[in-house]
2 protein chains.
Amino acid sequence: MADRNATNLMGRGESLLFLTDDQLRRAIEAMFFAYRGFTADPDRILHDYGYGRAHHRAIHFINRSPGTTVNNLLSILGVTKQSLNRVLRTLVEDGLVDSRVGIRDKRERHLHLTEKGNALERALSEAQRTRMRDAFRNAGPDSVAGFRAVLEQMMDPDMRRHYLNGGDGPR
Amino acid sequence: MADRNATNLMGRGESLLFLTDDQLRRAIEAMFFAYRGFTADPDRILHDYGYGRAHHRAIHFINRSPGTTVNNLLSILGVTKQSLNRVLRTLVEDGLVDSRVGIRDKRERHLHLTEKGNALERALSEAQRTRMRDAFRNAGPDSVAGFRAVLEQMMDPDMRRHYLNGGDGPR
DNA sequence: AGTTTAAGTCAGCCTTGTTGACTTTCCAAG
DNA sequence: CTTGGAAAGTCAACAAGGCTGACTTAAACT
């Protein structure tokens with residue numbers, strides 16, 4: 001009876017694990033509640049600036065890849081260009097982001113954070129890093145690898161590519 | 001120099017771990033991309049019904065605690081009652097949720113899923129469980145505990161209470 | 001020269017968050 | 001017993017940020 005709703009999880013042959021539907025439900029709720037905590041600190045900071053999560057996402061990925069184009073940002077964020085453009089426009093108007101016409105291809109705009117933009121980015125990421133550090137510390141060092149491994153597997157393949165390429169990966 | 005941006009993570013004294021700001025940034029992006037994957041399947045299903053994530057959340061927690069009140073749902077979801085009410089109204093109108101006036105306290109409404117509501121809940125949670133199961137399988141069984149531990153630590157304390165009490169916990 | 005691509009704009013729609021004003025119900029103090 | 005406040009829920013209106021579709025401009029490719 002109970003076996004009906006259980007899943008046989010065979011890893012690399014190391015061990016054996018049964019997960020009931022109820023245990024999976026708990027994991028699903030863990031994602032939900034954790035993501036709320038994960039975004040709570042930045043949300044508070046952004047609210048003071050009159051910005052939202054969309055602004056945060058743009059700022060984060062411009063900081064990660066300075067000089068990135070609008071099109072590249074679109075494929076990472078997975079939103080429409082109209083939606084991104086609205087956010088980007090306010091950031092440029094407010095002097096947080098610099099949009100430079102491309103040298104090789106003048107159709108492209110290369111995006112950079114200004115000093116002001118960098119300041120906000122640091123405030124946001126510092127809050128989020130602190131939350132992440134504390135979570136890792138409280139969970140114990142052994143938890144880090146599993147956390148990362150499961151999250152990576154939960155991504156859609158296209159997004160996993162962006163994740164793996166991010167930062168210092170192959171250009 | 002490199003030590004400036006590194007964090008000494010001492011767990012239960014078992015091992016020692018240094019996390020650079022860049023590694024923390026990767027973990028932050030992992031959360032972002034993974035959450036997108038996590039919600040992708042339900043989002044597609046909901047779209048066919050003309051519903052959004054807010055409807056999903058309501059359905060999920062009504063299913064978890066049948067007969068729960070609007071107020072209780074509010075404290076779990078962390079939105080305003082006006083916002084929840086709009087979602088709840090459409091679900092009741094569409095015959096997915098049953099809202100019964102309280103017997104002891106007539107101010108309260110007790111919420112239950114109808115058969116139709118249960119059908120949608122099953123479709124949504126089945127998709128999400130499949131994603132979660134596959135992620136666990138691909139990451140390996142040893143990853144499960146760490147994944148759960150870190151997520152639990154990432155929650156705000158108030159939300160952690162809801163998480164721990166969820167389902168079969170103390171009433 | 002003609003087509004495709006990158007970026008941006010305008011208009012309009014939907015979901016889902018917000019605040020403020022309101023009703024109904026309950027309960028407790030006078 | 002009544003009255004006044006608190007609590008649960010509802011209605012209205014607004015804003016952020018998703019979406020689609022149609023269109024322009026400029027540059028690049030073929």
Side-chain angles (χ1 to χ4, degrees), chain A residues 32 35-36 39-40 42-62 67-94 97-112, chain B residues 32 35-36 39-40 42-62 67-94 96-111:
Chain A
F32 171 68
Y35 196 76
R36 285 256 300 266
T39 55
D43 281 352
R44 272 187 288 273
I45 297 170
L46 289 158
H47 187 261
D48 297 339
Y49 286 72
Y51 294 145
R53 273 184 212 177
H55 299 83
H56 185 185
R57 292 194 279 269
I59 287 172
H60 175 96
F61 286 105
I62 292 171
T68 188
T69 64
V70 173
N71 237 9
N72 187 34
L73 219 46
L74 282 178
S75 80
I76 292 176
L77 297 178
V79 297
T80 59
K81 66 177 171 178
Q82 295 91 328
S83 200
L84 175 58
N85 194 260
R86 195 195 300 123
V87 166
L88 236 33
R89 193 167 44 220
T90 69
L91 289 175
V92 169
E93 281 171 4
D94 295 352
V97 167
D98 189 24
S99 172
R100 309 177 195 159
V101 173
I103 309 169
R104 292 177 52 178
D105 188 334
K106 292 182 194 164
R107 291 173 304 180
E108 293 179 340
R109 301 296 134 87
H110 297 280
L111 304 169
H112 298 263
Chain B
F32 171 69
Y35 196 75
R36 284 255 299 266
T39 55
D43 281 352
R44 272 187 289 273
I45 297 171
L46 290 159
H47 186 260
D48 296 340
Y49 285 72
Y51 293 148
R53 274 183 211 176
H55 299 83
H56 185 185
R57 293 195 278 268
I59 288 172
H60 175 96
F61 286 105
I62 293 171
T68 188
T69 64
V70 173
N71 230 16
N72 187 33
L73 219 46
L74 281 179
S75 78
I76 293 176
L77 297 177
V79 297
T80 58
K81 62 181 171 177
Q82 294 89 332
S83 195
L84 175 58
N85 190 258
R86 192 196 305 116
V87 166
L88 238 32
R89 190 168 49 221
T90 70
L91 290 175
V92 170
E93 281 171 4
D94 296 352
L96 290 138
V97 167
D98 190 23
S99 170
R100 308 176 196 159
V101 173
I103 310 168
R104 293 177 52 177
D105 188 335
K106 291 182 194 164
R107 292 173 300 179
E108 294 178 340
R109 302 297 131 85
H110 296 278
L111 305 168

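All values below come from the heavy atoms of this structure, side chains included, with hydrogens, waters and symmetry mates left out. To find a chain, count down the sequence lines: A is the first, B the second, and so on, and within it residues start at 1.
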A.B. asks: Given the structure, check if the side chain of K106(A) and the base of dA26(D) hold any donor-acceptor pair shorter than 3.5 Å.
C.D. replies: no
A.B. asks: Taking the side chain of Q82(B) as its heavy atoms from C-beta onward, which of dG20(C), dA7(D), dT9(C) lies nearest to it?
C.D. replies: dG20(C)
A.B. asks: Using the ring of each side chain (for Trp, its six-membered ring), is Y35(B) parallel, tilted or perpendicular to Y35(A), with breaks at 30° and 60°?
C.D. replies: parallel
A.B. asks: What is the distance from atom OG of S99(A) to atom CG of L91(A), rounded to the nearest 0.5 Å?
C.D. replies: 11.0 Å
A.B. asks: Roughly, in whole Å, what's the span from CZ in R57(A) to P in dG17(D)?
C.D. replies: 9 Å
A.B. asks: Given dG17(C), is OP1 or OP2 found less than 4.0 Å from the side-chain N or O atoms of T80(B)?
C.D. replies: no
A.B. asks: Are OP1 or OP2 of dT5(C) and a side-chain N or O of N71(A) less than 4.0 angstrom apart?
C.D. replies: no
A.B. asks: Rounded to whole angstroms, how far apart are CD on E108(B) and P on dT25(C)?
C.D. replies: 14 Å
A.B. asks: Any donor-acceptor pair, under 3.5 Å, between the side chain of R107(A) and the base of dT5(C), if you only look at N and O atoms?
C.D. replies: yes
A.B. asks: So, is R89(A) close to the dT9(C) phosphate, meaning a side-chain N or O under 4.0 Å from OP1 or OP2?
C.D. replies: yes
A.B. asks: H47(B) has an atom NE2; how far is it from atom C1' of dT20(D), in whole Å?
C.D. replies: 10 Å
A.B. asks: Which of parallel (below 30°), tilted (30 to 60°) and perpendicular (above 60°) describes Y49(A) and Y51(A)?
C.D. replies: parallel
A.B. asks: Need one value for R86(A): base, sugar-phosphate or nothing, where a base atom within 4.0 Å counts as base even if backbone is also close, heavy atoms only.
C.D. replies: base
A.B. asks: Take the protein atom NE2 of H110(A) and the nucleotide atom P of dA27(D), then report the distance between them rounded to whole Å.
C.D. replies: 14 Å
A.B. asks: Atom OG1 of T68(A) and atom CZ of F61(A): how far apart are they, to the nearest 0.5 Å?
C.D. replies: 10.5 Å
A.B. asks: Step by step, would you call V97(A) with H112(A) a side-chain contact (heavy atoms from CB on, under 4.5 Å)?
C.D. replies: CA-CA 6 Å; V97(A) 167; H112(A) 298 263; over 6 Å; no
A.B. asks: How close or far is atom P of dA6(C) from atom CZ of R104(A), stated in whole angstroms?
C.D. replies: 14 Å
A.B. asks: Base, sugar-phosphate alone, or nothing: which one does G50(A) contact when heavy atoms must sit under 4.0 Å apart?
C.D. replies: nothing
A.B. asks: Do any side-chain nitrogens or oxygens of H55(A) fall under 4.0 Å of OP1 or OP2 in dA16(D)?
C.D. replies: no
A.B. asks: If you assign A54(A) and K81(A) each to the DNA chain D nucleotide with the nearest heavy atom, which residue ends up on the more 5' nucleotide?
C.D. replies: A54(A)
A.B. asks: Rounded to the Å, how far apart are D48(B) CG and dT15(C) P?
C.D. replies: 14 Å
A.B. asks: To the nearest Å, how far apart are L91(B) CG and dT15(C) P?
C.D. replies: 12 Å
A.B. asks: Would you mind telling me which of dC26(C), dT16(C), dG9(D) lies closest to the side-chain atoms of T69(B)?
C.D. replies: dG9(D)
A.B. asks: Would you compute the distance between atom NE2 of H56(B) and atom OG1 of T39(B) and round it to the nearest 0.5 angstrom?
C.D. replies: 10.0 Å
A.B. asks: Could you please name the option among dC26(C), dG9(D), dG17(C) that lies closest to any side-chain atom of D105(B)?
C.D. replies: dC26(C)
A.B. asks: Could you tell me how far apart D43(A) (CG) and dA16(D) (P) are, to the nearest whole angstrom?
C.D. replies: 15 Å
A.B. asks: Can you tell me if S83(B) touches the phosphate of dT16(C), counting only side-chain N or O atoms and a distance under 4.0 Å to OP1 or OP2?
C.D. replies: no
A.B. asks: OP1 or OP2 of dG18(D) versus the side-chain N and O atoms of R36(B): is any pair under 4.0 Å?
C.D. replies: no
A.B. asks: Would you say a side-chain N or O of N85(A) is under 4.0 Å from OP1 or OP2 of dA7(C)?
C.D. replies: no
